[in-house]
Visitor: 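Would you mind keeping the following structure in view while I ask a few things?
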Amino acid sequence: MEFREEGEGEPVSPTGQYFNSSILSVAIFAVLEFEVPINDSQALSLIQDVFLPINPRFSSIMVSDNADQKKQWQRVEVKLEDHVHVPIFPSKMSPQSYDEYFDDYISNIAAEKLPQNRPLWEIHIFKYPTSHAAGTLIFKLHHALGDGYSLMGALLSCLQSAENPSVPLTFPSLKSSGPKTTHKTKIVPQFFSSVFQTVSDFSWSILKSNFVEDDRTPIRSGEDGVEFRPITLSTLTFSIDEIKLIKNKLGVTINDVIVGIIFLGTRIYMQEITQKSSNEHCTALVLFRTRNIGGYTSIKEMIEPNNAKTTSWGNQFAFLHLPVPKSTEISNPLDFVWEAQKMIKKKRSSAASYLTSWLLDVLKKFRGPEGAARYIHGTLKNSSLTISNIIGPVEKMALDNQAVCGLYFTAVGAPQCLTVTALSYMGKLRIALGAEKGFIDSHKLKASMQNAFGVILEASNQIPPAKAA
Ligand SMILES: *[C@@H]1O[C@H](CO)[C@@H](O)[C@H](O)[C@H]1NC(C)=O
Ligand SMILES: *[C@@H]1O[C@H](CO)[C@@H](O)[C@H](O)[C@H]1NC(C)=O
Ligand SMILES: *[C@@H]1O[C@H](CO)[C@@H](O)[C@H](O)[C@H]1NC(C)=O
């Protein structure tokens, strides 16, 4: 998955192929909110001079060279006017009206497929003031270009620290949280790949077995083609300090707290809708990076192509299948967090509960890339939601001296009615909920997540400090 500088004839990574197959097409949206209005002529030159050079894939299209389904990146001329869109709306409206225009706009572009005959990205400049920002940049990037982590790294590399532009952006260090897990996650796939031949029958049976479809619930319609339906994207914000408070009281990781809150919020929402306690079978696919798990400290380290430890660009992640705890089996809201911690710990050390590039390689061998894509599609479709979490910079960022006041991301195109993503920035955690329009009540869902956070925060306050780890 290394890339050569010129990007010419570079093969598309297997994961990149799965995400652009006949059955699956997933795109990542990153949204940057600015304190002051966006100057589009300035934005265009930044795209040309800063964004495009980050990676040759931003100037390449995917071509299949022969019958064996192998795809390659081929460099092409980029016509900026095809990729940069500046929608026009009535002027002098209230921020609340522009919120509605913005929501509709993002919902529309989320439903559109990126054309195959030009590089797989688009940038949309929303120049009107919403209740969140004076101007908003939306990046739509195909998942075949890289995973959320490398794409986010690419975006962040265009930005500088707002206080002092010469200082690189920094990330909170993750290294203290759970060195043991780090170790295991790295070892498991390697160990298995080294005895690949002898276990391939065994792993084929893992792939064929053991995941039954989730129940139909207020967050899972179970219907075909949900990936083509419009979504509503809404966001909410939590304080990282408060999340840390919970983390310290409970002796878990920040990620465990986030997953626990989303689990509880999901159950609260389902209960609100059905008006009875929620004990349906409901599985979340929780995404983990499988690379550089200790965390990055700078953007440079994040996007460095030939990082000594591991190649950081590309698609490298694993899904863990985590059953969302049933309301009927839990009395204390904190159990949602503890359950999340227990399951993540257990599953991270067991190869069978992964959906990794290693397992997919086995599949690719038996069924080709299209077969592997079908499997990913089936796995997503049988579960209820995906959760992924990215750590962003601590200090305020700026794009060419324009301060960024907020950012978040989401993924669209998965056959699921609900996608939950979280991104930290400047002491805040922004949760984005991508929910099927007309099927999920976004306002209620957002309120349920907020409620879950409040309940967990309050319950953790009741724990005497002595019990803290
Ligand atoms: C992805 O690949 C398929 C064929 O494998 C193609 O039909 C489709 O248009 C591609 N593009 C996108 C953006 O999904
Ligand atoms: C926008 O940017 C261009 C180029 O940098 C500059 O010439 C122009 O004055 C700017 N416009 C405003 C309104 O700031
Ligand atoms: C999804 O669920 C169906 C029905 O329960 C099952 O036949 C299929 O194998 C499952 N697919 C995956 C990828 O787990």
Side-chain angles (χ1 to χ4, degrees), residues 14-15 18-19 21-24 26 32 34-51 80-81 84 86 88 91-92 123 125-129 133-137 158-160 165 202-217 219-227 280-287 318-324 347 350-386 398-404 413-417:
T15 327
Y18 308 151
F19 284 111
S21 54
S22 59
I23 190 161
L24 207 55
V26 180
L32 285 182
F34 291 87
E35 275 173 4
V36 296
I38 297 170
N39 176 341
D40 27 332
S41 62
Q42 201 185 353
L44 278 176
S45 61
L46 282 170
I47 292 163
Q48 181 81 56
D49 304 334
V50 182
F51 175 75
L80 276 194
E81 63 275 21
V84 180
V86 188
I88 304 295
S91 53
K92 304 218 165 49
I123 294 176
I125 306 178
F126 191 88
K127 296 207 293 179
Y128 304 90
T136 311
L137 271 187
C158 302
L159 303 159
Q160 311 84 36
F202 158 73
S203 44
W204 181 236
S205 71
I206 292 180
L207 286 163
K208 271 199 304 199
S209 67
N210 84 31
F211 190 44
V212 286
E213 203 175 337
D214 273 5
D215 289 332
R216 293 182 179 209
T217 58
I219 60 159
R220 182 174 181 276
S221 67
E223 286 173 22
D224 283 331
V226 295
E227 62 269 43
E280 299 94 339
H281 185 60
C282 176
T283 313
L285 294 179
V286 180
L287 221 102
F319 285 117
L320 299 188
H321 291 196
L322 304 188
V324 178
K347 301 230 161 172
S350 131
S353 59
Y354 267 96
L355 176 56
T356 58
S357 44
W358 163 70
L359 282 176
L360 291 169
D361 277 346
V362 178
L363 253 179
K364 192 172 134 230
K365 195 178 146 212
F366 282 87
R367 294 273 166 95
E370 284 286 328
R374 262 198 304 283
Y375 185 79
I376 300 174
H377 185 273
T379 302
L380 290 163
K381 187 164 183 287
N382 282 1
S383 59
S384 299
L385 74 157
T386 306
L399 179 66
D400 202 29
N401 291 320
Q402 313 280 300
V404 174
Q416 284 178 330
C417 303

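Count residues from 1 along the sequence. Remember, it's 1-based here, ligands and their atoms both numbered in the order they're listed.
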Visitor: Does some non-hydrogen atom of the protein lie less than 4.0 angstrom from atom 9 (O) of ligand 2?
Guide: no

Visitor: Given that the side chain starts at C-beta and the backbone is N, CA, C, O, which of these parts of Thr379 lies under 4.0 Å from ligand 3, counting heavy atoms, or is it both or neither?
Guide: both

Visitor: For the pair Ile88 and Tyr128, evaluate side-chain contact (heavy atoms from CB on, under 4.5 Å) and give the outcome as yes or no after the intermediate values.
Guide: CA-CA 9 Å; Ile88 304 295; Tyr128 304 90; 3.8 Å; yes

Visitor: Please identify each residue that fulfils salt bridge (Lys or Arg N to Asp or Glu O under 4.0 Å) with Asp224, with sequence neighbours left out.
Guide: Lys381

Visitor: Can you sort out which atoms of ligand 3 are near Tyr375, meaning under 4.0 Å from one of its heavy atoms?
Guide: 13 (C)

Visitor: Quick check: does any side chain N or O of Asp214 sit under 3.5 Å from a backbone N or O of Ser384, one acting as donor and the other as acceptor?
Guide: yes

Visitor: Scan for salt bridge (charged side-chain N to carboxylate O under 4.0 Å, His left out) pairs involving residues 35-45, sequence neighbours excluded, and state none if there are none.
Guide: Glu35-Lys396, Asp40-Lys127

Visitor: Could you check which of Val36, Asn39, Asp400 puts a non-hydrogen atom nearest to atom 11 (N) of ligand 2?
Guide: Asn39

Visitor: Using a 4.0 Å cutoff against the non-hydrogen atoms of Ser41, which atoms of ligand 2 qualify?
Guide: 1 (C), 2 (O), 3 (C), 4 (C)

Visitor: Kindly determine whether Thr379 and His321 satisfy side-chain contact (heavy atoms from CB on, under 4.5 Å), including the steps that lead there.
Guide: CA-CA 9 Å; Thr379 302; His321 291 196; 3.5 Å; yes

